[in-house]
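Numbers here are sequence positions counted from 1.
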Amino acid sequence: MNVCKNFKFLRIARDCIRNLSGSRLPLGVGARVSNGTYTLEPLTKRELIRVHGAEAMPFLQGLVTNDVSRLQEPQGPTSMYALFLNRGGRVMYDTIIYRTNDPDTFLLECDRDASSDFRRHLRTYRVRKRIDIDTVDDEYVPWVLFNEQRTNEIPTKKAEDLFITQDPRVDSLGTRILAPTDLGMNKLIKNLWRHHEVVASGSTPESNYKLLRYKQGIGEGVEELPPGKCFPLEANADYLNGVSFNKGCYVGQELTARVHHSGVIRKRYMPVRFTAPVSSNHIVKSVAGANLGRVLGHAHNRGVALLRIEPVLGGQQQLVIDGERCYVERPQWWPNDVNSKRVQSAIE
């Protein structure tokens with residue numbers, strides 16, 4: 001039986017998500033759109049997984065890089081970014097964890113293409129814990145709302161069955177909205193803004209969530225964060241509010257803590273701007289021919305790449321891909337203190 005069709009399950013999921021709708025919607029900085037129009041886009045590549053049970057919090061606490069217990073604090077966040085690691089400390093899956101009305105229920109956002117593997121990964125560690133792990137894909141869809149030109153909060157109508165929260169990584173990624181699957185864009189806009197206080201439109205080739213992430217240099221999903229290929233600090237988990245160095249043990253914690261305290265991180269995800277179309281060869285090189293990293297996702301003239309910090313940001317080398325120039329800039333959301341131990345030690 002498909003658990004998503006079970007009436008009791010659907011009622012629990014709907015009740016859990018209901019109270020998290022708000023009266024004001026915080027907006028971050030997103031892709032540029034004209035006349036102050038916001039881009040509202042369904043995240044069709046993302047899926048929501050429900051983890052429910054009396055041991056759900058300690059179960060997740062032992063698996064992810066962030067401190068899940070903060071979600072249960074009265075003044076705690078409504079969502080948080082986190083990574084699942086393997087025993088060797090490498091990234092397996094990225095997620096955004098959403099709190100609900102029920103302290104024993106969490107919603108986890110994951111890559112839709114990896115949903116089955118992700119749930120299998122969770123069940124591997126469940127052992128004898130009384131925890132339910134199910135998809136709510138038939139009931140809820142994550143949306144994103146963003147505008148590069150505005151960062152202020154805007155009023156919204158209080159709407160049932162909507163979860164509204166700022167993206168927990170960086171403000172520039174805008175706002176996450178979890179909405180019922182049967183709620184299309186027009187109905188969603190009507191639910192949020194009764195008197196047309198905000199103009200929102202669908203995504204375009206020039207304004208969409210993937211391009212927004214690439215401009216910020218933020219990887220997401222198994223294509224851009226291939227399982228077992230990079231470490232959490234290389235994926236900027238420390239800069240994206242995705243790792244806690246004060247919580248207890250979790251899978252892969254030992255190596256993550258060691259790298260953090262040593263301060264030596266030689267590679268990080270960064271935004272790339274191309275001057276020519278990118279072919280199947282995604283290797284970024286110096287003009288002298290040295291391999292500096294690899295592009296893991298691209299759209300139009302933007303992409304995200306895992307690159308060596310010292311030669312890319314610390315030197316004056318020209319970068320090329322397929323013999324064509326490309327440019328890398330230090331993301332604005334990286335810490336301002338460039339002399340911090342973690343940044344400087346990789347450059348020296």
*Kindly indicate, with the supporting measurements, whether the criterion side chain to side chain contact (heavy atoms under 4.5 Å, CB included) is fulfilled by I96 and M80.*
CA-CA 6 Å; I96 294 179; M80 68 170 45; over 6 Å; no
_What verdict does the side chain to side chain donor-acceptor pair (under 3.5 Å) test give for Q318 and S286, after you've listed the backbone C-alpha separation in whole Å, the side-chain angles of each residue and the deciding distance to 0.1 Å?_
CA-CA 6 Å; Q318 293 185 353; S286 68; over 6 Å; no
_side chain to side chain contact (heavy atoms under 4.5 Å, CB included) between V251 and N86, intermediate numbers included_ = CA-CA 6 Å; V251 176; N86 61 21; 5.7 Å; no
_Go through it in stages, so that I can follow the logic: the residues are I49 and I133, the test is side chain to side chain contact (heavy atoms under 4.5 Å, CB included), and I'd like the CA-CA distance, side-chain angles, deciding distance and then a yes or no._
CA-CA 7 Å; I49 305 299; I133 301 169; 4.0 Å; yes
*Please step through salt bridge (Lys or Arg N to Asp or Glu O under 4.0 Å) for the pair D94 and R46, ending with a clear verdict.*
CA-CA 11 Å; D94 63 296; R46 307 294 285 178; 3.2 Å; yes
*Please lay out, stage by stage, how K187 and D182 fare under the test salt bridge (Lys or Arg N to Asp or Glu O under 4.0 Å).*
CA-CA 9 Å; K187 289 184 178 179; D182 59 356; over 6 Å; no
*Can you check side chain to side chain contact (heavy atoms under 4.5 Å, CB included) on V64 and L83, steps first, answer last?*
CA-CA 5 Å; V64 301; L83 298 171; over 6 Å; no
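Under the 4.5 Å side-chain contact rule for hydrophobic residues, L306 and V320 do not share a cluster. Cluster membership check: Y125 shares its hydrophobic cluster with M57, using side-chain heavy-atom separations under 4.5 Å among Ile, Leu, Val, Met, Phe, Trp and Tyr. At a threshold of 4.5 Å between side-chain heavy atoms, the hydrophobic network of Ile, Leu, Val, Met, Phe, Trp and Tyr places Y250 and F245 in one connected group.
Heavy atoms from other residues, nucleotides or ligands lying under 6.0 Å from CZ of R130 number 12 at most. Within a 6.0 Å radius of NZ in K247, more than 12 heavy atoms belonging to other residues, nucleotides or ligands are found. Annotation for Q72: atom CD counts as buried by contact number, over 12 foreign heavy atoms lying within 6.0 Å.
For the pair T105 (side chain) and H52 (backbone), a donor-acceptor distance under 3.5 Å is absent. Between the side chain of Q216 and the main chain of R213, no donor-acceptor pair closer than 3.5 Å is present. Panel note: side chain T256, backbone G252; a donor-acceptor pair is recorded below 3.5 Å. For the pair K129 (side chain) and A54 (backbone), a donor-acceptor distance under 3.5 Å is absent. With T175 contributing its side chain and Q166 its backbone, the two residues share no donor-acceptor pair below 3.5 Å. In this structure, the side chain of S207 does not engage the main chain of T204 through any donor-acceptor pair within 3.5 Å. Not a single donor-acceptor pair under 3.5 Å links the side chain of R330 to the backbone N or O of L313. In this structure, R99 contributes its side chain and G76 its backbone to a donor-acceptor pair below 3.5 Å.
Pairs of residues two or more places apart, or lying in two chains, that qualify as salt bridge (charged side-chain N to carboxylate O under 4.0 Å, His left out) and include a residue from residues 114-125 are D117-R120. Under the side-chain hydrogen bond (donor to acceptor under 3.5 Å, both in side chains) criterion, no residue pair touches residues 287-299, with sequence neighbours excluded.
Atom CD of residue Q253 and atom CG of residue L63 lie 13.0 Å apart, to the nearest 0.5 angstrom. Atom OG1 of T275 sits about 9.0 Å away from atom CG of N301, to the nearest 0.5 Å. Here R70 contributes atom CZ and Q61 contributes atom CD; the two are 10.5 Å apart, rounded to the nearest 0.5 Å. Between L107 atom CG and L48 atom CG the span is 6.0 Å, to the nearest 0.5 Å. Annotation: the span from L212 atom CG to E41 atom CD amounts to 9.0 Å, rounded to 0.5 Å. Expressed to the nearest 0.5 Å, how far CE of M92 lies from CG of L225 amounts to 12.0 Å.
No side-chain heavy atom of V328 sits under 4.5 Å from any side-chain heavy atom of L292. Residues V141 and L43 are not in side-chain contact: their nearest non-hydrogen atoms beyond the backbone lie 4.5 Å or more apart. With contacts defined as side-chain heavy-atom distances shorter than 4.5 Å, the pair K267/R308 qualifies. Residues D132 and R50 are in side-chain contact: their nearest non-hydrogen atoms beyond the backbone lie under 4.5 Å apart. Within the 4.5 Å cutoff, the side chain of P168 has no heavy atoms near those of the N241 side chain. Contact annotation: the side chain of T39 never approaches that of N147 to less than 4.5 Å [non-hydrogen atoms, C-beta and beyond]. Within the 4.5 Å cutoff, the side chain of P77 has heavy atoms near those of the L71 side chain. With contacts defined as side-chain heavy-atom distances shorter than 4.5 Å, the pair D111/Y93 does not qualify.
In this structure, F163 has its ring center closer than 6.0 angstrom to the ring center of Y98. For an aromatic pair to be called close, the ring centres must be under 6.0 Å apart, and Y327 with F274 fails this.
In terms of heavy-atom proximity, W143 sits nearest to L183 at CZ2-O, 3.7 Å. The shortest non-hydrogen separation linking N208 to F146 is C-CZ, 3.7 Å. Summarising the geometry of F84 relative to L60, their closest heavy-atom pair is CZ-CD2, 4.4 Å, with the distance given to 0.1 Å. For the residue pair E324 and A276, the shortest heavy atom distance occurs at CG-CB, 3.6 Å. Listed here is the closest heavy atom pair of D138 and T181: O-OG1, 3.1 Å. The heavy-atom pair separating H282 from V278 by the smallest distance is CD2-CG1, 3.6 Å.
No hydrogens or angles considered: nothing links the side chains of S201 and T37 as a donor-acceptor pair under 3.5 Å. Using modelled atom types and a 3.5 Å distance limit, the side chains of E224 and Y214 yield a donor-acceptor pair. Between the side chains of T95 and E109, no donor-acceptor pair of N or O atoms lies under 3.5 Å. Side-chain contact check for S79 and T165: at least one donor-acceptor pair (N or O, by modelled atom type) lies under 3.5 Å. Between the side chains of D67 and S69, a donor-acceptor pair is found at a separation under 3.5 Å. Residues Y209 and E220 bring a donor and an acceptor atom of their side chains to less than 3.5 Å of each other. Looking at N66 and S244, their side chains never bring a donor and an acceptor atom within 3.5 Å of each other.
A side chain to side chain contact (heavy atoms under 4.5 Å, CB included) with K215 is found for exactly one of E329, R273, R302, namely R302. With Y269 as reference, V304 is the one residue of V304, L307, L240 to meet the side chain to side chain contact (heavy atoms under 4.5 Å, CB included) rule.
Both tests hold for R268 against Y239: distance to the six-membered ring centre under 6.0 Å, angle to the ring axis within 45°.
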